[in-house]
Amino acid sequence: MGMQLNNIINIIIFLCLLVSCKQKAQDKILIKQDIERKQLQIDFFDQKYNNETFSMLIDESTISEHPILSYLNCEDEGYFSIHFVPKSDSLMQFWKKGFFKNYDFNNFDLEKDNEYIRKKLKSHFNNYNIFSYQIEKKYLDSNNGCTIESVFLKNESSAKIYLYDEESKKWEFLKTIKSKILPPYVDNNYFIQNFPQLFRSNKEYILPKNYFKLDSTQINLEKDKYEILILENNKKKDQKNFQHNSNPIEILRKTEKGYIEKAKNNKLIFAYNDNCPADGFQRIVSKNNYFTIEQTYCKDFLFVQSYTTFKINVDGSILLHKYGEEYTDRSNPDKNIKSIVKTSNDFGVIKFENITQEFLLQLIK
């Protein structure tokens, strides 16, 4: 009887230890997940970093190719720098050469530089790809002190790269890259080579091979001039009464070199539907800084006339402003059917490049 009681006690103790170990393991996982979540939620534009100084000078012998802002904290965020990398060749040349024209390197004023750079960047974030290059604290060798002059990278270090989304006002994680470079020292080519899809060529626009201009309109802002093109395949050029479906849309901006590509969309004009006698794309019209794509399609037993309106802002962003549909009953054209209109209050901030047929159809369901 005594042995049975001891065995029962031992089993209870074992089970308690097992549950305790399991709970500790779960706690460790939760703590790790919480730490990782906090790392992903870093806002590199947080107010607490706002006292840092924008600069074009990295150290006494190194100048930057673009505006940077650096922050170092060996106990928390580690070492990160924010890089305003220009999207255009002309803007790159300004920061590499124009900024330093008549610059007095013997009597530089960092506070004056900071004020000038902030003013230059204000309201023009759209002209830059804004990256954060972060070295986590575990990769920092701060044995000689946690200062920009004394901190070094450990072997096999990696950098986390984030991109700032101007629309959502959030930082999007791009990828982790093995690195031997301290944050402020990465140049334009580093980002261009690692993220070429984010940098458009600044060469004069050439109409794509096998396409012709079906329709177009122009928008003249105070400082910028845009042309919006609707393209059509050359195969349809000599055809009569053909539908216009899945047409590419190109938005061009005028520069000293001529027109360059600003944005494009191949999924906004609805695809062909052989069960629908509607004509697809109809026309493009513009007024002030707005332009509207008009097209028709079929929904059940209705002909639908749709209007997709965009706004080109002063900062160059092109956003969906409004989407509307008007309906005609195929069998009873005189029937009164209420139209539908959706505005940014319904769908928020959406870039021109991200609008698709599926998005628009889902919007009015």
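Throughout, residue positions are numbered sequentially from 1 according to the sequence presented.
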How far apart are the closest heavy atoms of [X] and [Y], and which atoms are they?
X: D224; Y: V314; result: OD2-O, 4.4 Å
X: L110; Y: S55; result: CD2-OG, 4.3 Å
X: V341; Y: D346; result: O-OD2, 4.4 Å
X: N265; Y: E353; result: ND2-O, 3.6 Å
X: C74; Y: K137; result: O-CB, 3.4 Å
X: T328; Y: P333; result: CG2-CA, 3.9 Å

Measuring centre to centre across the rings, with the benzene-like ring taken for any Trp, is [X] within less than 6.0 Å of [Y]?
X: F44; Y: Y71; value: no
X: F100; Y: W95; value: no
X: Y297; Y: F270; value: yes

Indicate yes or no for a side-chain donor-acceptor contact from [X] to the backbone of [Y] under 3.5 Å, with no hydrogens or angles considered.
X: S142; Y: G145; value: no
X: D104; Y: N106; value: yes
X: N247; Y: L231; value: yes
X: T147; Y: S150; value: yes
X: N313; Y: G316; value: no
X: S81; Y: P183; value: yes
X: N345; Y: T343; value: no
X: K236; Y: Q243; value: yes
X: N114; Y: F54; value: yes
X: D141; Y: K154; value: no

Honestly, is [X] close enough over [Y], meaning NZ or CZ under 6.0 Å from the six-membered ring centre and within 45° of the axis?
X: K175; Y: F195; value: yes
X: K120; Y: F94; value: yes
X: R330; Y: F303; value: yes

Please examine the side chains of [Y] and [X], heavy atoms only from C-beta on, and report whether any two atoms are closer than 4.5 Å.
X: T53; Y: L69; value: no
X: T356; Y: L268; value: no
X: F131; Y: V186; value: no
X: L319; Y: V349; value: yes
X: L140; Y: Y79; value: yes
X: I82; Y: Y133; value: no
X: T255; Y: R253; value: yes
X: V285; Y: T217; value: no

Worksheet entry | Stepwise side chain to side chain contact (heavy atoms under 4.5 Å, CB included) test for I58 and I68 | CA-CA 9 Å; I58 299 174; I68 57 172; 3.9 Å; yes
Any donor-acceptor N or O pair under 3.5 Å, side chains [X], [Y]:
X: D59; Y: Y185; value: yes
X: N126; Y: E166; value: no
X: N73; Y: D76; value: no
X: W171; Y: D165; value: no

Item to complete: Determine, for K213 against E227, whether the closest basic-nitrogen to carboxylate-oxygen distance falls under 4.0 angstrom.
Response: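 Counted as a salt bridge, because a side-chain N and a carboxylate O are separated by less than 4.0 Å.
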Rounded to the nearest 0.5 Å, how far apart are [atom1] of [X] and [atom2] of [Y]?
X: L360; Y: K365; atom1: CG; atom2: NZ; result: 13.0 Å
X: S158; Y: K138; atom1: OG; atom2: NZ; result: 8.0 Å
X: I312; Y: N289; atom1: CD1; atom2: CG; result: 7.5 Å
X: N210; Y: N233; atom1: CG; atom2: CG; result: 6.5 Å
X: I135; Y: E77; atom1: CD1; atom2: CD; result: 14.0 Å
X: S90; Y: N127; atom1: OG; atom2: CG; result: 9.0 Å

Discussion item. Quick check on N332: does its CG atom have over 12 non-hydrogen neighbours (other residues, nucleotides or ligands) under 6.0 Å away?
Written reply: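 Correct, the count exceeds 12.
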Same cluster (ILVMFWY, side-chain, under 4.5 Å), [X] and [Y]:
X: I355; Y: I219; result: yes
X: I228; Y: Y211; result: no
X: I260; Y: Y205; result: no
X: I130; Y: F99; result: yes
X: F212; Y: I249; result: yes

Discussion item. For F84 and F125, take the angle between the two ring planes, folded into 0 to 90°, and tell me which bin it lands in: parallel under 30, tilted 30 to 60, perpendicular over 60.
Written reply: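 Perpendicular.
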Worksheet item: Looking at Y290, Y226, F352, Y323, which hits ring pair (Phe, Tyr, Trp, His ring centres under 6.0 Å) with F310?
Response: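 It is F352, the one option of Y290, Y226, F352, Y323 that forms the ring pair (Phe, Tyr, Trp, His ring centres under 6.0 Å) with F310.
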Discussion item. What verdict does the side chain to side chain contact (heavy atoms under 4.5 Å, CB included) test give for K237 and E232, after you've listed the backbone C-alpha separation in whole Å, the side-chain angles of each residue and the deciding distance to 0.1 Å?
Written reply: CA-CA 8 Å; K237 198 167 189 177; E232 184 61 270; over 6 Å; no
Practice prompt. Scan D187, N129, N188 and name whichever one has a side-chain hydrogen bond (donor to acceptor under 3.5 Å, both in side chains) with H66.
Written response: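 Exactly one option meets the side-chain hydrogen bond (donor to acceptor under 3.5 Å, both in side chains) with H66, and it is N188.
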Discussion item. Could you go through E325 and Y327, starting from their C-alpha distance and side-chain angles, then the distance that decides it, and tell me whether this counts as side chain to side chain donor-acceptor pair (under 3.5 Å)?
Written reply: CA-CA 7 Å; E325 291 189 350; Y327 306 100; 2.7 Å; yes
Discussion item. Set out, in order, the CA-CA distance, both residues' side-chain angles and the distance that settles ring pair (Phe, Tyr, Trp, His ring centres under 6.0 Å) for Y162 and Y164, then state yes or no.
Written reply: CA-CA 7 Å; Y162 297 82; Y164 185 67; over 10 Å; no
Discussion item. Run Q305 and Q282 through side chain to side chain contact (heavy atoms under 4.5 Å, CB included) and show every step you take.
Written reply: CA-CA 9 Å; Q305 181 76 27; Q282 299 292 298; 3.9 Å; yes
Discussion item. Determine whether R283 and E294 satisfy the following criterion, salt bridge (charged side-chain N to carboxylate O under 4.0 Å, His left out), listing intermediate values before the conclusion.
Written reply: CA-CA 5 Å; R283 65 171 183 162; E294 298 183 12; 3.0 Å; yes
Discussion item. Run the salt bridge (charged side-chain N to carboxylate O under 4.0 Å, His left out) test on K160 and E136 for me, step by step, so that the C-alpha distance in whole Å, both residues' side-chain angles and the decisive distance to 0.1 Å come before the verdict.
Written reply: CA-CA 8 Å; K160 284 188 173 182; E136 295 176 286; 3.5 Å; yes
